[in-house]
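Naming convention: chains lettered A, B, ... in sequence-line order (proteins, then strands); numbering from 1 in each chain. FYI, side chains are in, hydrogens and waters are out, and symmetry mates aren't considered; it's all heavy atoms of this structure.
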4 protein chains.
Amino acid sequence: MAQQRGKTNKADATRRQLLDAALSVISERGYADTTVDRIVEVAGVSKGVAYYHFASKADIATCILVEGVGGIIDEFEVVAAAAPSATNALVAMMESFAAVIFRNADFGRFLVSELWRRGREWSDALRVLEERLLAVLRSQIERGQREGSIRAGVDASFEAVAIVGMVLTATLHYIREAEQRIEDGCAPARAHAETERAFLFHIQDYVHHANA
Amino acid sequence: MAQQRGKTNKADATRRQLLDAALSVISERGYADTTVDRIVEVAGVSKGVAYYHFASKADIATCILVEGVGGIIDEFEVVAAAAPSATNALVAMMESFAAVIFRNADFGRFLVSELWRRGREWSDALRVLEERLLAVLRSQIERGQREGSIRAGVDASFEAVAIVGMVLTATLHYIREAEQRIEDGCAPARAHAETERAFLFHIQDYVHHANA
Amino acid sequence: MAQQRGKTNKADATRRQLLDAALSVISERGYADTTVDRIVEVAGVSKGVAYYHFASKADIATCILVEGVGGIIDEFEVVAAAAPSATNALVAMMESFAAVIFRNADFGRFLVSELWRRGREWSDALRVLEERLLAVLRSQIERGQREGSIRAGVDASFEAVAIVGMVLTATLHYIREAEQRIEDGCAPARAHAETERAFLFHIQDYVHHANA
Amino acid sequence: MAQQRGKTNKADATRRQLLDAALSVISERGYADTTVDRIVEVAGVSKGVAYYHFASKADIATCILVEGVGGIIDEFEVVAAAAPSATNALVAMMESFAAVIFRNADFGRFLVSELWRRGREWSDALRVLEERLLAVLRSQIERGQREGSIRAGVDASFEAVAIVGMVLTATLHYIREAEQRIEDGCAPARAHAETERAFLFHIQDYVHHANA
DNA sequence: GATGAATGAGTCTTCATTCAT
DNA sequence: GATGAATGAAGACTCATTCAT
């Protein structure tokens, strides 16, 4: 994966532009249907720079995935370290996870579509990140069991995966419904925010009862 | 989508061969990286027949998805109609869903990667099927609330999506782990069946508590 | 290297057209400056067929080289087997070699430019062929030494290489001079044939004395 | 072609570094597959300086060829002027020619691959140099005929070309064999020097007899 | 003098689809 | 019904060259 070298701000800015453009284009039609031509068009740069900053189209996608999931993990770890209780930590992590997806549905869709794909250049990198993300969740669930807020019968390993699956799937579902409503003119654009609040309430309630 | 014509058994067999070959190839490298050349090679037929049985490459994929999800829905409806209680129905549906994925991980991976993609030829068809699948789940959850086995606080709409997300994600995760263990030689091939049993116990326990 | 399958005459004809077009284009500007676009344009076929019949641009070049040098070797072997004496065989081989180059200067130029290049896809194949060609020459020189027509002091290995180098270099030189004269209008087009005769006389005289 | 400006030693050193790097890279993969990026990387300078010292990539190659062949011609002329007899001169020139190639096989390979190529930027320059080189050889052969050491039947024009072809081809062949032996561990690195001595003996013997 | 980011035309290659046999 | 040769549009990637800093 292309490394960012702190050389110039200009170069970094170009790199960022390409990454942003790529994510938006990829989420629009998927990685395979995304052309480098389109990415550089959206980024407003020439095709050559794309290959000056990244080794390949796959390298761009890998950077997006790694930086994106890496950011989520970083926040998970910060949240976990700061939370007064495991329950608190889990709630905060789910909120933070959902917030990232809500704010960047493009990234969420890309992530889901790639999470189980095999044979991609980034498959290995992604699996490592996934494991790290699950590990943070697992450790908080186990902490909750030690603290007594989560019943012993829960399988930490299972719940970690289940939470990721629920949040990802349900968030994308809710986003699609909200987008549909806005598109149909049945709801104002702020419906998005309301959907997010309602969704967060549901999932926290669900996990709370499952753990009790 | 190409209709199956009951004409000959030969034709049906060829059609089935193509569909199976396509699914296996698609799950290996994704729809976009799958070539018609490769499909017919795996199916052991000439390229001409593929276009005799299907209108296009997308048509093949659509058939796989529609027939696959359609089968799941059909079973859901049968199970729901036969179940003595909502709780019973939900458990049976989750079991049946997971069983399909366990038995055909290729299909599961393809489904997940396409579920949220927009702009595909089959996107609309898939969304309709998804809605039908969710509707069956929702109706059983609501029945459970009427029967008193599911607490009123549960949002049926949310739980339906959450269950689909959990089952899909967790099943694929467990399958990958089992595959990894078998690959590494750390476990015998029957580890698959044991994994499935353990997984089913976890998810039923989890949903049971979340609903109680 | 793409294998020719005797399936259809049509397909074989297309393959041959591509090979001929490729040789003519390659000899015009060299392999690297030859585009597949230009080859198919000259061949009068679509770009797709080129890749249906050959694996790559390099594959086309390899076929030209292998078939071309292979043809020379075949003729060498026939000539060597039929010649009443080693001297006779050597003369006939030099004539046959020079004739191929005179008749197809394009091929000669391509061969010389690739003979010493390393790291090409066809480098290994070419080296094997070169060794076979040298072996035929060597065996006739050694036969001449046994027959007493070639002095013992001659190093067969060296002379084989020397003959190839002389014939190749001198032939191309003479061709260029003849082309130049025709281009300048200083000589009629038949100058080519006269040049070939004069050249053959010189080289045979030279080798004859060197061996005596 | 870029002129060397006696300005600074620094500039000259950079120029030389670029030329050496270019020759080594070109001989490795050919002119067309050589990138300016790779040249400056090997030379250890930035891309800007390359274009400060040379007008273009072709300019670099032209300089290598012109300076290389020019050096050979210069030495030929010095040798020819100093030699007591034509035979002496020819021997010395062949030795000097072979020595250059032995010491710089990269240059030899580049020269051979470009000698017959048409349409290159340096094609004309190269042809002029070739003609000058052949002229020196021819004049010594004719001198030998006047001195009586070379039989009248020899065609000076032909022998000049033949010698160039033989030396170039045979030298490169011997170098490759020596490199192969060293690579295979079948011979020590000094095998190179021995090969050169044996080769020189063979070619001088061959030409001597051809001329007698 | 020196740097390296940026350009964009040009190449090879792929592949869904068609159709003559 | 079946085959496989042919099509051509489209896409990833390269690289000589320029130029602002």
Engineer: Could you give the CZ-to-C1' distance, from D:Phe54 to F:dT17, as a whole number of Å?
Structural biologist: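 Atom CZ in D:Phe54 sits about 16 Å away from atom C1' in F:dT17.
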Engineer: Is any side-chain nitrogen or oxygen of B:His53 closer than 4.0 Å to OP1 or OP2 of F:dG1?
Structural biologist: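 The answer is no; no side-chain N or O of B:His53 sits under 4.0 Å from OP1 or OP2.
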Engineer: Listed by chain and number, what are the ring-ring contact (aromatic ring centres under 6.0 Å, His included) partners of B:Tyr31, not counting sequence neighbours?
Structural biologist: B:Trp122
Engineer: Check side chain to side chain donor-acceptor pair (under 3.5 Å) between C:Asn104 and all other residues, then give those that pass, not counting sequence neighbours.
Structural biologist: none
Engineer: Under the side chain to side chain donor-acceptor pair (under 3.5 Å) test, which residues partner D:Arg38, sequence neighbours left out?
Structural biologist: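 Once residues adjacent in sequence are excluded, the partners of D:Arg38 under the side chain to side chain donor-acceptor pair (under 3.5 Å) criterion are D:Glu41.
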Engineer: Considering only heavy atoms, which members of residues 29-44 of chain C lie under 4.0 Å from some atom of DNA chain F?
Structural biologist: none
Engineer: Partners of A:Lys47 by side chain to side chain donor-acceptor pair (under 3.5 Å), sequence neighbours excluded?
Structural biologist: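 Scan of A:Lys47 (side chain to side chain donor-acceptor pair (under 3.5 Å), adjacent residues dropped) gives A:Asp37.
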Engineer: Whole angstroms only, please: what is the CG-P distance between B:Asp59 and E:dA16?
Structural biologist: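 One finds 14 Å between P of E:dA16 and CG of B:Asp59, rounded.
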Engineer: Quick one: salt bridge (charged side-chain N to carboxylate O under 4.0 Å, His left out) partners of D:Glu114, sequence neighbours excluded?
Structural biologist: D:Arg117, D:Arg120
Engineer: Expressed in angstrom and rounded to an integer, what is the separation of B:Leu18 atom CG from F:dA2 atom P?
Structural biologist: 11 Å
Engineer: In chain order, what residues pass the side chain to side chain donor-acceptor pair (under 3.5 Å) check against B:Arg127, with sequence neighbours excluded?
Structural biologist: A:Gln180
Engineer: Report the residues that fulfil side-chain contact (heavy atoms from CB on, under 4.5 Å) with D:Ala32, sequence neighbours left out, ordered by chain and then residue number.
Structural biologist: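 For D:Ala32, the residues satisfying side-chain contact (heavy atoms from CB on, under 4.5 Å) (neighbours in sequence not counted) are C:Ala32.
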Engineer: Which one, F:dT17, E:dT13, E:dG4, comes nearest to the side chain of D:Ser46?
Structural biologist: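 Per side-chain heavy atoms of D:Ser46, the pick is E:dG4.
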Engineer: Counting C-beta onward and ignoring hydrogens, is there a side-chain heavy-atom pair between C:Arg176 and C:Leu172 closer than 4.5 Å?
Structural biologist: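 Side-chain contact under 4.5 Å: no.
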Engineer: Which heavy atom of B:Ala22 sits nearest to which heavy atom of B:Ile64, and what is that distance?
Structural biologist: CB-CD1, 3.8 Å
Engineer: Sort by first number and list every stem of DNA chain E: at least 3 consecutive Watson-Crick or G-U wobble pairs, both distances under 3.5 Å.
Structural biologist: E:2-21 with F:2-21
Engineer: Nearest whole angstrom, please: distance from the C1' of F:dG4 to the CZ of C:Arg15.
Structural biologist: 17 Å
Engineer: Can you list everything that forms a side-chain contact (heavy atoms from CB on, under 4.5 Å) with C:Ala125? Sequence neighbours excluded, please.
Structural biologist: C:Val66
Engineer: Holding to salt bridge (charged side-chain N to carboxylate O under 4.0 Å, His left out), I want the full list of residues that pass it with D:Asp106, two or more places apart in sequence or in another chain.
Structural biologist: C:Arg118, D:Arg109
Engineer: With nearest nucleotides of DNA chain E determined for A:Val45 and C:Val49 from heavy-atom distances, which residue corresponds to the more 5′ nucleotide?
Structural biologist: A:Val45
Engineer: Rounded to whole Å, please give me the gap between OH in B:Tyr52 and P in F:dG4.
Structural biologist: 18 Å
Engineer: Below 3.5 Å between N/O atoms, which protein atoms pair up with nucleotides 18-21 of chain E? Just atom names and distances, please.
Structural biologist:
none

